[in-house]
Amino acid sequence: MILGSVFLATTGAEALYSDMGHVGRENVYFSWPFVKTCLILNYMGQGAWIINNMANTALYGIQDMNPFFQMLPVMMRPVAVILSAMAAVIASQALITGSYTLVSEAILLDLLPHLKIQYPSDTKGQLYIGTVNIILWVGCSLVVLYFRSGHKIESAYGLAITLTMLMTTILIFAYLQKVKHKKIQPWVMLIVFGLIESVFFVSSLGKFFHGGYFTALLTLVILGIMIVWYRGTQLEQKYCIELAMRDHVESLKKLHEDTSIPILAHNLVYLEKGSNNESIDRDILYSILDKDPKRAKAYWFLSVNVLDTPKDMNYQVEIYGTDYIFRIKLNLGFQCNQQVNVYLRQIVQDLQKRGELPDQEKKYSIYGVSSVGNFKFYLIHKSIPSKSELSFLDGYILRFKYAIRKVAGSKTKWYGLDNASVITESVPMIIPSGSEYQRIQRLEKPSNKTVG
């Protein structure tokens with residue numbers, strides 16, 4: 001039981017490592033001696049007060065007695081409460097920044113849905129995720145209202161940190177052994193740190209029913225979301241079909257020149273993930289050619305790539321020998337505002353100046369005649385057919401993933417698109433061919449002739 005309480009004193013080191021990636025090593029080195037000196041004086045003062053007041057039997061009846069507040073004069077306690085609240089806000093910074101880092105890495109590993117990430121400085125390690133901030137705010141408020149006791153929250157926190165340290169030790173062991181190919185060092189580290197952390201873990205198990213169960217439940221919820229998202233992505237990749245782009249240029253040319261079909265837009269834009277100019281997702285061509293043929297003056301297939309530099313902006317283009325098909329790779333620094341529609345309009349003007357894109361006459365506008373036409377952005381969402389080869393479990397996993405994606409946000413918000421020019425279209429994830437079904441037979445109309 002004593003070890004379980006002492007362990008909380010060691011968790012500050014975990015917060016230090018979390019903050020170091022966001023505020024920099026030099027700042028931690030500079031401020032930590034001052035912080036440590038204050039902490040030592042604080043805890044030694046509380047210890048001295050407890051020793052001097054051990055004979056005071058009146059203190060034994062105070063529930064959740066806190067020496068920090070009791071040792072202060074009554075008039076000073078409101079000030080101490082304010083200072084404690086400010087210290088809690090400062091301490092929460094480690095939790096917040098650590099959450100941002102973990103979520104951003106999970107997004108890159110395709111374990112969580114894409115969220116809008118903002119970078120307030122020129123350092124990519126310093127980031128802000130508004131959705132995570134709101135979830136933490138709501139979650140922490142609910143935890144405080146549910147437990148109503150610092151002791152129970154302490155139990156949940158202690159168990160969580162113990163498990164985190166054990167997992168970190170195991171991951172470092174695997175890294176040293178599998179990646180660095182060390183033989184003795186991983187085992188020494190695992191035995192030394194694993195033994196210490198296992199003792200703390202066993203001592204924290206007594207807190208499971210006093211609040212530690214909340215940590216386990218929260219872990220299962222987050223793990224479930226990650227498993228669903230990861231498995232859903234695997235299924236999407238399994239049934240994703242890439243087509244050779246150049247094989248379909250002729251089909252797009254015929255549609256582009258087919259005057260019997262009205263023009264849907266001057267510029268028809270599809271946002272895609274791939275950066276390979278030689279292949280394209282079948283769903284995009286299915287949307288253009290098969291599902292209500294969409295005729296346009298120019299077809300744009302655009303992907304966004306976030307650079308490691310803060311403010312660089314450039315683009316690459318492939319036109320396939322035409323003046324109406326444009327494959328754009330938009331490279332934006334991590335600090336740049338991802339206003340895709342603004343950058344695309346600039347690209348259109350640039351290509352027109354170079355003679356690679358004909359002028360698009362826009363006669364009617366409150367701003368006068370323009371050489372840049374209107375835009376239609378098409379967002380493709382995969383839908384699950386009612387009858388498919390998906391198993392019962394995989395079908396529900398995909399539905400759950402798409403439900404999570406709706407909550408997480410849409411590309412319309414991420415890329416600052418105008419809602420009036422965005423069209424969302426559902427395309428079946430699995431498009432069955434006619435050969436998969438049994439042929440239906442026609443019944444001939446019975447003859448009315450009588451047999452004589």
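If you're wondering where the values come from, they're calculated on a predicted model, not measured in any experiment.
- Looking only at distances, no side-chain donor or acceptor of R345 sits under 3.5 Å from a matching main-chain atom of N341.
- Smallest separation of non-hydrogen atoms from M226 and A106: CE-CB, 4.2 Å.
- To the nearest 0.5 angstrom, I263 atom CD1 is 15.5 Å from K294 atom NZ.
- Salt bridge annotation for E242-R282: absent, with no cationic side-chain nitrogen under 4.0 angstrom from a carboxylate oxygen.
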| field | E236 and L398: CA distance, side-chain angles, deciding distance, side chain to side chain contact (heavy atoms under 4.5 Å, CB included) verdict | value | CA-CA 9 Å; E236 289 178 340; L398 280 173; 4.2 Å; yes
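- Taking 4.5 Å as the limit, some side-chain heavy atom of L271 sits within range of a side-chain heavy atom of L379.
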| task | Would you sort out whether M313 and N331 count as a side chain to side chain contact (heavy atoms under 4.5 Å, CB included), showing the intermediate values? | result | CA-CA 6 Å; M313 294 169 52; N331 302 307; over 6 Å; no
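- Put simply, the side chain of P310 does not reach to within 4.5 Å of the side chain of Y119, judged on heavy atoms.
- You'll find the side chain of K116 stays beyond 4.5 Å of the side chain of I129, heavy atoms only.
- Going from atom OG of S371 over to atom CD of Q360 covers 8.0 Å, rounded to the nearest 0.5 Å.
- In this structure, M189 and L176 have side chains that are in contact, with non-hydrogen atoms separated by less than 4.5 Å.
- Heavy atoms of other residues, nucleotides or ligands lying less than 6.0 angstrom from CZ of F193 number 12 at most.
- Counting non-hydrogen atoms of other residues, nucleotides and ligands closer than 6.0 Å to NZ of K291 gives a total above 12.
- Considering every non-hydrogen atom in both I107 and P113, the closest pair reads CG1-O, 3.4 Å.
- Under the 3.5 Å distance criterion, the side-chain polar atoms of S287 are left unmatched by any main-chain donor or acceptor of D283.
- Proximity of L330 to L332: side-chain heavy atoms (C-beta onward) are separated by under 4.5 Å at one or more points.
- In K401, the NZ atom is crowded: over 12 heavy atoms of neighbouring residues, nucleotides or ligands sit closer than 6.0 Å.
- Within the 3.5 Å criterion, the main-chain N or O of A265 finds no donor-acceptor partner in the side chain of N374.
- To the nearest 0.5 Å, the span separating CZ on F375 from NE2 on H266 amounts to 10.5 Å.
- The main-chain N or O of Y320 is found under 3.5 Å from a side-chain atom of E318 such that the two form a donor-acceptor pair.
- For the residue pair C240 and D281, the shortest heavy atom distance occurs at SG-OD1, 4.1 Å.
- L127 and Y100 make their closest contact through CD1-CB, 3.0 Å (heavy atoms, listed as atom of the first residue, atom of the second, distance).
- Atom OG1 of T97 and atom CG of L102 lie 9.5 Å apart (nearest 0.5 Å).
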| request: Determine, step by step, whether V304 and V340 satisfy the side chain to side chain contact (heavy atoms under 4.5 Å, CB included) criterion, reporting the C-alpha distance in whole Å, the side-chain angles of both residues, the deciding distance to 0.1 Å, and the verdict. | output: CA-CA 8 Å; V304 178; V340 168; 4.0 Å; yes
| request: Take E272 and I280, measure what side chain to side chain contact (heavy atoms under 4.5 Å, CB included) needs, and give me the verdict at the end. | output: CA-CA 9 Å; E272 59 173 353; I280 189 169; 4.1 Å; yes
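- Within the 4.5 Å cutoff, no side-chain heavy atoms of K297 are placed close to those of N267.
- Proximity of the aromatic rings of F326 and F301 is defined here by a centroid distance below 6.0 angstrom, and this criterion is not met.
- Residues L111 and W229 are not in side-chain contact: their nearest non-hydrogen atoms beyond the backbone lie 4.5 Å or more apart.
- For the pair R295 (side chain) and L264 (backbone), a donor-acceptor distance under 3.5 Å is absent.
- The side-chain heavy atoms of Y378 and I288, taken from C-beta on, include no pair separated by under 4.5 Å.
- Looking at every heavy atom in both residues, L357 comes nearest to D323 through CD1-O, 3.7 Å.
- Salt-bridge check for D350 with R354: passed, with a basic side-chain N closer than 4.0 Å to an acidic carboxylate O.
- Relative ring orientation between Y299 and H256 is described as perpendicular, the plane-to-plane angle rising above 60° on a 0-90° scale split at 30° and 60°.
- In terms of heavy atoms, F201 sits closest to T162 at CA-CG2, 3.1 Å.
- In this structure, R327 CZ and W300 CH2 are separated by 13.5 Å, a value rounded to the nearest 0.5 Å.
- Within 6.0 Å of OH in Y213 there are more than 12 heavy atoms belonging to other residues, nucleotides or ligands.
- Ring centroids of W187 and F173 are separated by less than 6.0 Å, placing the two rings close together.
- The distance from atom OG1 of T169 to atom CD1 of I196, rounded to the nearest 0.5 Å, is 9.0 Å.
- The local environment of CD1 in I184 is sparse, with at most 12 non-hydrogen atoms from other residues, nucleotides or ligands closer than 6.0 Å.
- In summary, the aromatic rings of F400 and Y396 are positioned with their centroids too far apart to meet the 6.0 Å limit.
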